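Keep in mind that what you see is a predicted model, and the values were worked out from it rather than measured.
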Amino acid sequence: MSVVIPCYNYAHYLPIAVESVSTQEGVEVDVIIIDDCSTDDSLKVAEALAARDPRVRVVHNEKNLGLIGTANKGLAMVTGTYALLISADDALAPGALSRAAALMEAHPDVGLTYGPVVYSTGPDLPTDVPAPASHWVIWEGTAWAERIFRNGANQIYSPEAVVRASTMREVGDYDPAVPYTSDLQMWLRFAAQTNIGFVAGTTQAYYRVHGSNMSMTQGGMVGDRRELSELRHRMAAFETASREFPRGARYLNAARRAVAKYTLMLARIARDAPADPDFVDELVAFASELDPAARRRAAWAASRTRRMLAQTLARTGVRRIVVAPRVRQTDRSKAANEDTGVY
């Protein structure tokens, strides 16, 4: 199992990421750290880790290649049967690689396996040992992709995604044209060629959420328009990936409707907050580009009649009856995601 760890100014996180890989049981691992011209002590830390463990090797970019260039460079050096790309600020859960490898050994038709992730916003990651997997789910690739298009959102965040190296070489590199959502596009490209596996009932990885995530800072996801920029990148990934499927046009239309719906939700939130009114207009305009019906829904959402109706429903208690089914649906979606990998 080859594990590639791109690193840019993550000296303080890197030892945790490497330890989470090197202590995996039941699999033979080799670790490739790619330092992308860090300006902190990342290279020194990486070299110290390699000096202590012969399974770890360090590559130093002569010039900054960015996240996508660095990831592609590292994955081209993979020698194992399976490969994993994990950012230096994330970590694997104990037993994650053996669980993923077991599924893929049992199902040679699976080229990509993932599982539940725990998100962390604090300095420390969980220390408890995850429960064993409760079951596996094997998705036919196009069926899985259709669900992702229909949901209009990515459901794999990379540290939990183990791929078959032979399939990876057939699929090709991460696409620099969609730097922030190249992972979403990559998973869909895998689904066009192979089946998808999900390891349920456990934890496969820990994903840190902080202001300096490489996928955000190097993907241009900063500033007041970050949400809108992310949605544009997301649609670019869906559009390019849809070409891989015979029914891609239909899948893409479903993604357009889903993303338009989500964009209008952001517009409503922005409208009710002390936000820039131009930003609200930009969100509505983008939603309308994706789905012409979105402008009508936006006009209704902003109308005086709708606000009065909402006040009446809240005052009479009827709102609880209207909202309750939506809450139950959200709970069912969450349960389905944890059980099958797709909500």
Side-chain angles (χ1 to χ4, degrees), residues 8 66-68 119 121 148-155 157-158 174-185 188 207-242 249 251-315 319 322-323 326-327 329-330 333 343:
Y8 179 73
L67 178 57
I68 302 303
Y119 301 93
T121 57
I148 299 299
F149 277 102
R150 193 169 69 200
N151 292 337
N154 191 7
Q155 294 187 232
Y157 289 87
S158 189
Y174 281 94
D175 186 354
V178 283
Y180 182 68
T181 51
S182 60
D183 54 347
L184 168 61
Q185 187 209 61
L188 292 169
Y207 181 84
R208 293 187 194 268
V209 180
H210 52 84
S212 56
N213 283 96
M214 287 175 64
S215 59
M216 297 179 68
T217 57
Q218 294 196 21
M221 297 298 108
V222 294
D224 297 336
R225 300 295 195 270
R226 183 184 64 81
E227 296 94 340
L228 182 56
S229 182
E230 189 278 331
L231 291 171
R232 293 187 185 280
H233 278 266
R234 189 188 306 184
M235 282 310 308
F238 279 127
E239 288 170 5
T240 51
S242 68
Y251 297 168
L252 180 58
N253 285 335
R256 290 179 188 274
R257 290 191 294 271
V259 174
K261 182 178 179 180
Y262 180 75
T263 304
L264 287 182
M265 182 193 72
L266 293 180
R268 287 194 293 270
I269 294 172
R271 188 197 65 231
D272 295 337
D276 180 357
D278 290 339
F279 181 46
V280 176
D281 292 341
E282 290 174 26
L283 288 169
V284 172
F286 179 63
S288 301
E289 290 175 16
L290 299 177
D291 180 7
R295 188 170 293 278
R296 294 193 296 272
R297 292 198 298 271
W300 163 246
S303 68
R304 182 171 180 269
T305 302
R306 184 188 183 281
R307 293 197 297 271
M308 292 178 62
L309 177 60
Q311 292 171 0
T312 301
L313 291 175
R315 186 173 61 253
R319 184 176 185 275
V322 175
V323 172
R326 299 181 185 177
V327 174
Q329 180 61 43
T330 299
S333 295
Y343 58 79

### Task
Using modelled atom types only, decide if a donor and an acceptor are shared between the side chain of D175 and the backbone of A177 within a distance under 3.5 Å.
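Indeed, once roles are kept as given, a pair shorter than 3.5 Å links the two residues.
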### Query
Partners of S158 by side-chain hydrogen bond (donor to acceptor under 3.5 Å, both in side chains), sequence neighbours excluded?
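Once residues adjacent in sequence are excluded, S158 has no partner under the side-chain hydrogen bond (donor to acceptor under 3.5 Å, both in side chains) criterion.
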### Query
How would you list, by chain and number, every residue that makes a side-chain hydrogen bond (donor to acceptor under 3.5 Å, both in side chains) with R256, sequence neighbours excluded?
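Here no residue qualifies.
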Approximate separation, where rounding is to 0.5 Å, of [X] [atom1] and [Y] [atom2]:
X: Y251; Y: R150; atom1: OH; atom2: CZ; answer: 10.5 Å
X: L290; Y: K261; atom1: CG; atom2: NZ; answer: 14.5 Å
X: I148; Y: N154; atom1: CD1; atom2: CG; answer: 7.0 Å
X: M265; Y: Y262; atom1: CE; atom2: OH; answer: 4.5 Å
X: L283; Y: R268; atom1: CG; atom2: CZ; answer: 11.5 Å
X: Y180; Y: L231; atom1: OH; atom2: CG; answer: 9.5 Å

Smallest separation among heavy atoms of [X] and [Y], with atom names:
X: V259; Y: G152; value: CG2-O, 3.6 Å
X: D291; Y: R257; value: OD2-CG, 3.9 Å
X: I68; Y: P179; value: CD1-O, 3.7 Å
X: F279; Y: A270; value: CD2-CB, 4.4 Å
X: Y174; Y: D183; value: CE2-CA, 3.9 Å
X: V178; Y: A237; value: CG1-N, 3.9 Å

### Query
Can you tell if the side chain of L228 reaches within under 4.5 Å of the side chain of L266, non-hydrogen atoms only?
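SC-SC contact between L228 and L266 ruled out.
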### Message
Regarding R234 and E230, does a basic nitrogen lie under 4.0 Å from an acidic carboxylate oxygen?
### Response
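The answer is yes: the pair qualifies as a salt bridge.
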### Task
Specify whether Y207 and Y157 have parallel, tilted or perpendicular ring planes, treating 30° as the upper limit for parallel and 60° as the lower limit for perpendicular.
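Tilted, since the angle between the ring planes falls between 30° and 60°.
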### From CA spacing to verdict: side chain to side chain contact (heavy atoms under 4.5 Å, CB included), F149, L188
CA-CA 9 Å; F149 277 102; L188 292 169; 3.9 Å; yes
